[in-house]
Each structure stands twice: as C-alpha cells, then as structure tokens.
Amino acid sequence: MTASTPRRIHMHDNDNVAIVVNDGGLPAGTVFADGLTLVEGVPQGHKVALTDLALGDPVIRYNVTIGRAAKAIPKGSWVSEQLLEMPPARELDNLPIATIKPEPLPPLEGYTFQGYRNEDGSVGTRNILAITTTVQCVSGVVDFAVKRIKAELLPRYPNVDDVVGLEHTYGCGVAIDAPNAMVPIRTLHNISKNPNFGGQAMVVSLGCEKLQPTRLFPKGSIPIRKADNTIADEAPVVCLQDNHHVGFMSMIDSIMQTAEQQLEVLNRRQRETCSAADLVVGVQCGGSDAFSGVTANPTVGFATDLLVRAGATVMFSEVTEVRDGIDQLTSRAVNEEVAQAMIREMDWYDQYLKRGGVDRSANTTPGNKKGGLSNIVEKAMGSIVKSGSSPISGVLSPGEKLTTKGLIYAATPASDFICGTLQLAAGMNLHIFTTGRGTPYGLAEVPVIKVATRDDLARRWHDLMDVNAGRIATGEATIESVGWELFRLMLDVASGKKTWAEHWKLHNALVLFNPAPVT
C-alpha cells in the first residue's frame, strides 16, 4: 500500500470502532478498501464507527466497552470524545482471582550483557556516583558541587559514567513520624541503593533538618567500601553546618574530597558478562495516544514476555492507568495474595479521589485526547498491554524494593517522573518509555530507551526516539519483529550503548511521592 492508501486498525473482531492510521487523518468521503466511507473527516488516531450506533449502544475497542453512544452515530462517523459517555469503574469485589493459568513458555537462554556486578548480587547497567541529600535546603550546594566534580574530577576516573545529585523537596517542614512518612524516607533510602550506584553512597546534610542522615541510613543499613578497600557500616556524611566549614567554598571542598574517595572505589569496577536474568526493567508510557496500545505498548509487552522467559524482572506501574483493567490484572495474578495486593492499591486510589472530590475522568490529558484517547477506560486498555501476558508474581507499594523476580506490579502514579523515581527505588537498572505525543523524558540514574508510537513522531523527533514502533501501524513491521529489536537493544544499552536521553543528558530531578498527606 502507498502512504496515501486509507488505513484503519481495529484491535479485536468484536470492536465496532477503528482508528485512522494515516498522517494528518482522512477527509470526508474517503473510501476504504472494504467500502467503508467516511461521512466526516477523522483525525489521525481517532475512532471511526464501523457500524451504525444507536443512543446508548456500547462503543467497543480492545473488545471492551470504552463508553456508550451519547447520541446516534452513523457508520463512517468520527466517534469523538463528546459522543461517548464513560462507563462506571469496575467494582473491586467479585473480581476474577488467579483464573488465567497460561502454559509456561520455554526459557530463553544464552542472552547476556556486559554489566557491573555488585557485592549484594545485583547488577548495574551504569557505574554512577550518587550524592544523596537529606533536605531540600542543600540542593543548590549539591548542584554546584556536582558540576565541579564532573568538570574537575570525573575525567580522572574513566570507568565512572556520571555523577548525580539525588535532590528532592523533602526533609524539613514535615511531621517525620506521621502515618505514611515512611514512604518518602524509604524511597530515598532505596534509590540510594540502586544497582547503578555500585553499592556506594555519600550524603550531604544541612544539619538541622528533621530527616537526619542516621534516620535515612541507620548504622549497618548500607555498607560502604572505602578507598582502602575496607567496609564501613555507614555512609560518609558532609554536614554543611559543621563548625569546620568557613565559607561556601569550604562546603564545596568537603563534598569534592568525599566524592573523590567514592570515585576511587567506583573506578575499580569493570564490566563483566552477566545473564539477561540480571536485568530489572521498568516500563512506562507518557504522552500517550491511540497508537500507544496498538504499536509501542504491545511491542514492549512482547519484549516483557521475552525478558520474563530469560529470567529477568519487569515492573509495570501507573495505578491511575490500570484501575479500569483491574479484572484483567487480578485474573493474571499467580495467587490470591498478589491479586488482593493489587486490589488494595486500586482501593487506595479510589479513596484518594473521594478525598479530593474528583473522579477518574481527570485522566486523560488534553494531549491524550488530541491523540485519539477519549477517556481513561480506553487509555487503560492500551496501557496494560505493556505488561505482556506473563503471570503477575508480585506487587510493590510506593518506595519498596524488589525482593522477587518475574513480572511485578509496582504501584505508582502515572506522572512520568514520579513513576520513574519509584521504579528506581525498587531497583530498576533499565527503563523503557513509550510515547505518542512526545516528551523529552529522561532519568539521570538509569538509561532510558524511548519508543515512538507513530512514524510522524519518530521522524520529527529523530534524535529523541530510540525505537520507531510506528512501522507496525503502516504494515512495514510486526509487533514480534520490533519486540525482538527492542529486546536486543536493551542488551546493548545495558552493556553501555548510550540512548538519546543520555546523549542529550535529559535528566529529571528526583521526585518523591507521598501517598497521603503528612500533617
């Protein structure tokens, strides 16, 4: 087919709508190969009715009712957001529990990458010095110090990839013992122990903050190898209010001296051959469109299944975006305990909405809607497919660290950087991020592979996207072929190949998520 040939995609034989593939959409009067004629123009990614729909009829995509017709919709019409009434959310009781028992797929053996093996058994894909902060007051000082470390010290340590400051807005004006205060604290603690930091950590403290270094890292909780190769049972701390600091540059000198000791240790590390089973991959989508669930996310889902077969760990997340598919998730749980844990996380979200006096229609965003996603039900169906088809073997609450392998549901908000932050805390060493509308997203602490849902985005943002899944929509490639391409790219990136986000140093600031008011 030529680029001008009218193309549409529907996801299931039972669907009564399809999305338009062509760049720029299609005008009224367009005739598809099967004779379907558009009675009005339909933008790219938006839905066209495949049959006449009466008032109240279900509108079906992904073999799921994503809404009901708010009025009669003739065949060939644009099924816009305004023509859909969103169905109520699925209740959280009487859900299918561990009902899907797929036949185990054969193990995927022999795949390796060159990684940094840590003393605790984890493996890093990068070798990074992380400087943890206990309070927002020191962020400006740490930022200044990090720039100097990169310019003056890092070139002397060629085996160290980067230096990052774990800066945040926590630590001072908070009730440190309030309910749920453990969430930001354990998030900071666990991020500092991310595999990409090589088991090393250093802390910059102000001195008077509520989140004292000993609260963040109790003695013995984070063993540190010193430059003389002995092990210390607590992280080195630079406290800015210490009396020996005379002036700003004295603070910077202390940070740099401590950092140099950590760089000495990290520089001794060498990449070695590691099994693909050592990968801990977080998957996420942002700036989603109607193609997300057609091209990029199914590609990630295929690669997720490959990773699980190889013995790796994969986390999918975003409570707000999977809530409407909870029945699909509980049915894939390995047991009732895992299913109930997912239900508990979804119930927290329901209660959160009630406390705020809002409902789930707040998601989707204007950009999602411009890209063809009418509501959160439709968005959820396209989001879930990132998880592939493997059984769900565990659930993490915000800030918790992984203790099991396989396919894990990590409960996070859908906000891009908060989701990434919490997956980092869980132990992620590689991140996959899909986008349809486009976002210059990146993480300083872990390589991010960006997957575009559409040819147009991949062309325009050619130096921001690592994989173009839009070829699937145009028929130039299959989910399987791009899925294998992504899987192999993961191994290359884990071995040191830079992603575009790393090339441009598209890094976020650390974002902490506190799931309940701390007062």
Side-chain angles (χ1 to χ4, degrees), residues 8-21 25-26 36 38-92 94-96 285 287-295 297-298 318-331 346 349-350 353-354 358-386 414 436-437 453 473:
R8 68 176 193 263
I9 292 177
H10 68 279
M11 301 302 295
H12 192 277
D13 289 343
N14 293 339
D15 290 357
N16 55 19
V17 294
I19 65 167
V20 167
V21 172
L26 293 170
L36 177 68
L38 296 185
V39 299
E40 59 186 317
V42 180
Q44 184 188 34
H46 285 248
K47 294 173 287 295
V48 56
L50 302 178
T51 185
D52 291 328
L53 298 170
L55 172 66
D57 277 355
V59 176
I60 301 172
R61 188 173 180 227
Y62 299 103
N63 196 31
V64 168
T65 298
I66 63 170
R68 294 193 174 272
K71 64 180 227 180
I73 305 174
K75 180 179 179 180
S77 297
W78 174 13
V79 184
S80 64
E81 171 200 357
Q82 293 77 15
L83 299 182
L84 287 181
E85 293 181 353
M86 188 168 68
R90 174 71 184 262
E91 296 294 331
L92 294 179
N94 300 316
L95 291 165
C285 51
S288 301
D289 66 1
F291 288 99
S292 294
V294 177
T295 61
N297 289 349
E318 300 166 286
V319 170
T320 53
E321 293 191 7
V322 302
R323 168 63 179 86
D324 275 270
I326 182 61
D327 55 325
Q328 298 180 32
L329 302 182
T330 55
S331 64
M346 301 306 146
Y349 176 52
D350 288 356
L353 291 177
K354 288 179 182 177
V358 295
D359 62 39
R360 73 197 207 285
S361 66
N363 192 336
T364 56
T365 69
N368 296 152
K369 294 174 181 178
K370 190 173 181 179
L373 293 173
S374 295
N375 58 38
I376 188 55
V377 183
E378 183 178 11
K379 187 177 181 182
M381 296 306 108
S383 178
I384 286 172
V385 295
K386 296 195 303 294
R437 303 301 297 169
T453 72

(message) For a 4.5 angstrom cut-off between non-hydrogen side-chain atoms, does Asn368 reach Lys379?
(response) yes
(request) Look at Asp350 together with Arg323 and state whether they make a salt bridge at an N to O cut-off of under 4.0 Å. (result) yes
(message) Can you tell me how far apart CD1 (Ile376) and CG (Asp324) are? Round to the nearest 0.5 Å.
(response) 6.5 Å
(message) Looking at Glu85 and Arg68, is there a salt bridge between them, counting it only when a charged N and a carboxylate O are closer than 4.0 Å?
(response) no
(request) Provide the closest heavy-atom pair for Val39 versus Ser77 in the form atom of the first, atom of the second, distance. (result) CG2-OG, 3.3 Å
(message) Taking the side chain as everything from C-beta on, heavy atoms only, tell me whether Leu95 gets closer than 4.5 Å to Ile326.
(response) yes
(request) Supply the atom-to-atom distance Asp13 CG to Ile60 CD1, rounded to the nearest 0.5 angstrom. (result) 12.0 Å
(message) With rounding to the nearest 0.5 angstrom, report the OG1 to CG distance, Thr295 to Asn297.
(response) 7.5 Å
(message) Measuring from atom CE of Met86 to atom OG1 of Thr364, what distance do you get when rounded to the nearest 0.5 angstrom?
(response) 8.5 Å
(message) Among residues at least two apart in sequence or on other chains, which ones pass side chain to side chain donor-acceptor pair (under 3.5 Å) with Asp289?
(response) Ser292, Thr453, Arg454
(message) Tell me the closest heavy-atom pair linking Asp15 and Asn63, and the distance in Å.
(response) OD1-N, 2.8 Å
(message) When you compare the side chain of Val48 with that of Trp78, does any pair of heavy atoms fall below 4.5 Å?
(response) no
(message) Using side-chain heavy atoms (C-beta onward) and a distance below 4.5 Å, is Arg61 in contact with His10?
(response) no
(request) Grab the two heavy atoms, one from Pro74 and one from Ala49, that are nearest each other, plus how far apart they are. (result) O-CB, 3.7 Å
(request) Consider only side-chain N and O atoms of Ser374 and Lys47, and report whether a donor and an acceptor are under 3.5 Å apart. (result) yes
(request) Could you tell me the separation between the NE2 atom of His12 and the CE atom of Met381, rounded to the nearest 0.5 Å? (result) 13.0 Å
(request) Would you check if Val21 and Arg8 make a side-chain contact, meaning some heavy-atom pair closer than 4.5 Å? (result) no
(message) Checking the side chain of Asn16 only, and the main-chain atoms of Pro58 only, is there a donor and an acceptor separated by less than 3.5 Å?
(response) yes
(request) Using modelled atom types only, decide if a donor and an acceptor are shared between the side chain of Asp52 and the backbone of Lys75 within a distance under 3.5 Å. (result) yes
(request) Write down the atom of Gly25, the atom of Val20, and the distance for their closest heavy-atom approach. (result) CA-CG1, 4.1 Å
(message) Please check if the number of heavy atoms outside Lys369 that lie under 6.0 Å from its NZ is greater than 12.
(response) yes
(request) Answer yes or no: is there a side-chain heavy-atom contact under 4.5 Å between Val59 and Thr65? (result) no
(request) Taking all non-hydrogen atoms of both residues into account, name the closest pair between Ala414 and Glu321 and its distance. (result) CB-OE2, 3.5 Å
(message) Quick one: does any side-chain atom of Thr330 pair with a main-chain N or O of Pro96 as donor and acceptor, under 3.5 Å?
(response) yes
(message) Main chain of Arg360, side chain of Asn363: is a donor-acceptor contact present, judged purely on distance under 3.5 Å?
(response) no
(message) Keeping Asn375 on the side-chain end and Ile66 on the backbone end, is there a donor-acceptor pair under 3.5 Å?
(response) yes
(message) Show the nearest heavy-atom pair for residues Arg437 and Ser288, with the distance to one decimal.
(response) CG-O, 3.7 Å
(message) Between His46 and Lys370 (side chain of the first, backbone of the second, donor and acceptor by atom type, cut-off under 3.5 Å), is there such a pair?
(response) yes
